[in-house]
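In this chain, numbering begins with 1 at the start of the sequence shown. All heavy atoms count here, side chains included; hydrogens, waters and symmetry mates do not.
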Amino acid sequence: MAINKNHEVEELEGVRCAIVERNVSPARTQFLKELLEMNGYKVITAKTPPPKVAAPPAAPVSQDPNAPAPPPPPPPPPPPDTYTVGVTNITFNSTNAIMGRLLHAKDGHVVTLAYWQQKDDVARDAVPYFSE
C-alpha cells in the first residue's frame, strides 16, 4: 500500500518493487534501467497490460430490410508497447533520490531533474534545479 502517489509498491514478476515509472517507452525503460543499475539498484521491468477497452456501441438497426448492411468499423490500432519500471528496494522514491542528489550519472555527476527527464544529455549538477 502506498503512503502517497509518489511512493507506490507493487509486485512485478513475482517480486515486490517500488515503482519508479509506469507506461514508459522501451527507450526510456532502457535509460532508467542503465541509470538505476549503475547506482546499485536491482531493476525489474514488466510489460504494461493493455488498457481495458469498452465495447463498441451497437449499430443502429435499419427499418428497411433491403438496405445494405453498414461496413464494420475498422479495428482500433494496437496499443504501443509500454513498460512498468520498478526497483527491488521498496524504500526507493525517485523524487527523493533526485532532489536529495543520491543518484549519479555515468560521468560521475549528480543526476539532475533535467537529466532524469531526458531533457539534457549530460547531468549539469552545478546548475540549480530551480533555474532550469
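Contact record, Leu12 with Val85: CD1-C, 4.3 Å, taken as the closest heavy-atom pair. For the pair Arg16 and Ile90, the tightest heavy-atom approach, listed with the atom from each and the gap, is O-CG2, 3.9 Å. Of all heavy-atom pairs spanning Asn39 and Leu102, the tightest one is OD1-O, 4.2 Å. Of all the heavy atoms in Ala123 and Ala105, the pair that sits closest is CB-CB, 4.2 Å.
In the hydrophobic clustering of ILVMFWY residues, with side-chain heavy atoms under 4.5 Å counting as a link, Val24 and Ile98 come out together. No chain of hydrophobic side-chain contacts below 4.5 Å, direct or via other Ile, Leu, Val, Met, Phe, Trp or Tyr residues, connects Ile44 to Val20. Linking Ile, Leu, Val, Met, Phe, Trp and Tyr residues whenever their side-chain heavy atoms come within less than 4.5 Å leaves Val111 and Val122 in two separate clusters. Val9 and Ile19 are not part of a single hydrophobic cluster, where members link through side-chain heavy atoms under 4.5 Å apart.
Using a 4.0 Å cut-off between charged side-chain N and carboxylate O, Lys106 and Glu34 make a salt bridge. Contact check on Arg22 versus Glu8 returns a salt bridge, with a Lys/Arg side-chain nitrogen under 4.0 Å from an Asp/Glu carboxylate oxygen.
Between the OG1 atom in Thr45 and the CG atom in Leu36 there is a gap of 11.5 Å [rounded to 0.5 Å]. Here the CD-OG distance, from Gln118 to Ser25, works out to 7.5 Å after rounding to the nearest 0.5 Å.
Heavy atoms from other residues, nucleotides or ligands lying under 6.0 Å from CG of Asp121 number 12 at most.
Across Tyr115, Tyr83, Trp116, a single residue satisfies ring-ring contact (aromatic ring centres under 6.0 Å, His included) together with Phe31, and that is Tyr115. Among the candidates Asn89, Val87, Asn93, the single residue satisfying the side chain to side chain contact (heavy atoms under 4.5 Å, CB included) test with Thr91 is Asn89.
By the salt bridge (Lys or Arg N to Asp or Glu O under 4.0 Å) test, Arg28 is found to be paired with Glu21, residues two or more places apart in sequence or in another chain being considered.
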